[in-house]
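Read the structure below first, then the notes.
Computation of the quantities below employed the complete heavy-atom set of this structure, encompassing side-chain atoms and omitting hydrogens, waters and symmetry-equivalent molecules.
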Amino acid sequence: MGKRDKLAGLTKSWAGRTFQTTRMAAGVGKAAAGKLVRTALDREAQGEGMDELSAEELAARMGQLKGLMMKFGQMASYLDGALPEQAQAAMAKLQADSQPLEWAVICAAIEAELGPLDALFDHIDEEPTAAASIGQVHRASRDGQPVAVKVQYPGVADTLSIDLGNLRRYAFLGTLGTAMSSNEMIGELAERMAEECDYRIEARRTERFRALWADTPGVRIPRVHAAASSERVLTTEWIEGQSFAEFAASATQEERDRAGQRIYDFAFRGIFEHGLLYADPHPGNYLFPGGDEVAFLDFGCVRVFDETFVENWKEIARAVMAGDQPRFERAFRAGGFATSDRFDMDYQWKVMEYLYVPMKTPGFRYSHEYVRQSYDLILWKNPNRFRTPMPGPWLLANRLQWGMNSVLAALGAGGDWGDILMAGIDTPLRIAQDA
């Protein structure tokens with residue numbers, strides 16, 4: 001048996017072991033998910049705070065389980081007010097890292113996909129620079145150029161399958177308290193997770209975004225090394241820069257404002273001009289190389305919208321920006337919302353006016369308080385909380401809304417957000433068919 005066969009065997013063995021482990025961990029996953037959800041939704045628990053040891057234990061379990069459980073932990077860690085302060089601080093560790101897999105397994109996974117390492121890279125570091133929910137990243141050199149090599153965990157697709165099963169019990173976490181059906185939400189998540197596990201799709205979308213933003217100053221997207229990439233291995237240009245936390249702590253307010261505006265513009269121009277949602281506004285997906293540049297990483301979670309969806313979103317935004325409630329109600333209903341006779345449209349209009357305060361207020365500066373107050377208005381005190389059937393494509397759009405607001409609040413970013421938003425809305429839509 002050759003070296004590659006042995007390593008492929010190791011990968012297969014690890015995948016089998018991982019599947020058995022995730023089966024045994026299913027109960028732990030349910031418990032972790034349940035604890036996270038109960039803590040997030042229990043207002044009394046939020047008032048009392050969460051025991052520090054319990055928060056640390058919850059974060060550690062999610063980091064070990066990876067998959068969707070870790071993704072939820074990462075999301076909760078940067079969404080202002082989603083969890084009690086101690087729990088949120090513990091979850092913040094998941095933004096930067098989780099428990100990596102041993103090098104022998106990662107080496108085997110790469111070689112099973114692409115052949116001998118020495119034919120692919122001049123050098124590759126055995127210690128990962130990051131370990132996330134689906135894969136981990138190693139720094140390497142290829143043809144004298146520094147590259148990032150993202151390697152998918154063997155068996156992670158099985159882990160995600162178990163996570164999706166667990167999630168059926170706690171489906172309302174992903175719907176943010178709406179009446180969206182569990183089956184619709186699980187179906188949407190399953191499709192997105194299947195795409196995220198195929199690095200060939202991520203490679204294509206990364207290059208598509210690079211082409212669309214090539215002429216935009218201050219936006220940097222890593223180049224894909226196609227010859228060293230496959231379904232489960234993705235090699236891209238290595239970009240040096242400050243992390244989000246480093247930048248937020250050291251940059252001037254003016255620099256943070258410009259960075260926030262660039263992040264906001266990148267998100268909404270992608271949607272309104274090209275039908276592409278960069279759906280993971282995770283602080284770890286931004287780097288700051290200097291010179292007012294923002295580097296956008298990780299295009300595994302991208303939602304491609306059709307023309308009808310985008311034009312309806314534009315119409316909703318135009319109506320709210322114009323202060324035209326009847327026009328908004330027509331667009332809102334046309335989008336598949338507010339099907340119940342008991343739906344309180346006046347309250348929904350109040351919600352929309354709050355969400356658009358940043359866009360309707362020149363020079364608005366995002367704050368943690370603005371984001372936290374939105375939870376009471378949109379979730380806890382909302383009479384429509386269980387009356388709003390959310391169409392599947394809006395699941396990740398909501399993730400963008402909550403995540404983007406929290407990222408901008410962390411920067412304390414100010415700007416004329418309405419001008420940026422309307423510039424995208426007023427640009428004719430050109431759906432990216434090849435994405």
Does a side-chain heavy-atom distance below 4.5 Å link [X] with [Y]?
{"X": "T427", "Y": "R269", "value": "no"}
{"X": "M352", "Y": "Q325", "value": "no"}
{"X": "Q145", "Y": "E237", "value": "no"}
{"X": "W417", "Y": "T361", "value": "no"}
{"X": "Y278", "Y": "F266", "value": "yes"}
{"X": "K314", "Y": "L429", "value": "yes"}

Next item on the list: Under the ring-ring contact (aromatic ring centres under 6.0 Å, His included) rule, what do W213 and F296 come out as? Steps first, then yes or no, please.
Entry: CA-CA 11 Å; W213 292 86; F296 296 84; 7.4 Å; no
Which value, rounded to the nearest 0.5 Å, describes the distance between [X] atom [atom1] and [Y] atom [atom2]?
{"X": "L355", "Y": "S374", "atom1": "CG", "atom2": "OG", "value": "7.0 Å"}
{"X": "Y199", "Y": "S229", "atom1": "OH", "atom2": "OG", "value": "11.0 Å"}
{"X": "F244", "Y": "H282", "atom1": "CZ", "atom2": "NE2", "value": "11.0 Å"}

Give every donor-acceptor pair under 3.5 Å between a side-chain atom in residues 298-307 and any protein atom, sequence neighbours left out.
unit_1: D298; atom_1: OD1; unit_2: G300; atom_2: N; d: 3.1
unit_1: R303; atom_1: NE; unit_2: E188; atom_2: OE2; d: 2.8
unit_1: R303; atom_1: NH2; unit_2: E188; atom_2: OE1; d: 3.2
unit_1: R303; atom_1: NH2; unit_2: E188; atom_2: OE2; d: 3.4
unit_1: D306; atom_1: OD1; unit_2: T308; atom_2: N; d: 3.3
unit_1: D306; atom_1: OD1; unit_2: F309; atom_2: N; d: 2.8

Identify the two heavy atoms, one from [X] and one from [Y], that lie closest to each other, and give their separation to 0.1 Å.
{"X": "Y153", "Y": "A132", "answer": "OH-O, 2.9 Å"}
{"X": "L396", "Y": "A279", "answer": "CD1-CB, 4.0 Å"}
{"X": "L287", "Y": "G241", "answer": "CD2-O, 3.8 Å"}

Margin query: With side-chain hydrogen bond (donor to acceptor under 3.5 Å, both in side chains) as the criterion, how do D344 and Q348 come out once you've worked through the C-alpha distance, each side chain's angles and the decisive distance to 0.1 Å?
Written below: CA-CA 6 Å; D344 187 337; Q348 184 61 37; over 6 Å; no
Next item on the list: Indicate the ring-plane relationship of F343 and F332, choosing parallel, tilted or perpendicular according to the 30° and 60° boundaries.
Entry: tilted
Next item on the list: Give me the ring orientation class for F268 and W313: parallel if the planes are under 30° apart, tilted from 30 to 60°, perpendicular past 60°.
Entry: perpendicular
Item checked: Any donor-acceptor N/O pair, S406 side chain to G403 backbone, under 3.5 Å ->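 Not at all, since once roles are kept as given, no pair shorter than 3.5 Å links the two residues.
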Check: Please walk me through it: do R258 and Q261 pass side-chain hydrogen bond (donor to acceptor under 3.5 Å, both in side chains)?
Finding: CA-CA 5 Å; R258 289 197 295 268; Q261 292 162 24; over 6 Å; no
Check: By side-chain hydrogen bond (donor to acceptor under 3.5 Å, both in side chains), which residues pair with R200, not counting sequence neighbours?
Finding: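 Listed in chain order: D198.
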Next item on the list: Taking only Lys NZ, Arg NE, NH1 and NH2, and the carboxylate oxygens of Asp or Glu, determine whether R205 and E202 approach each other closer than 4.0 Å.
Entry: no
Notebook entry, point to check: Step by step, would you call Y286 with F247 a ring-ring contact (aromatic ring centres under 6.0 Å, His included)?
Noted result: CA-CA 10 Å; Y286 306 114; F247 177 80; over 10 Å; no
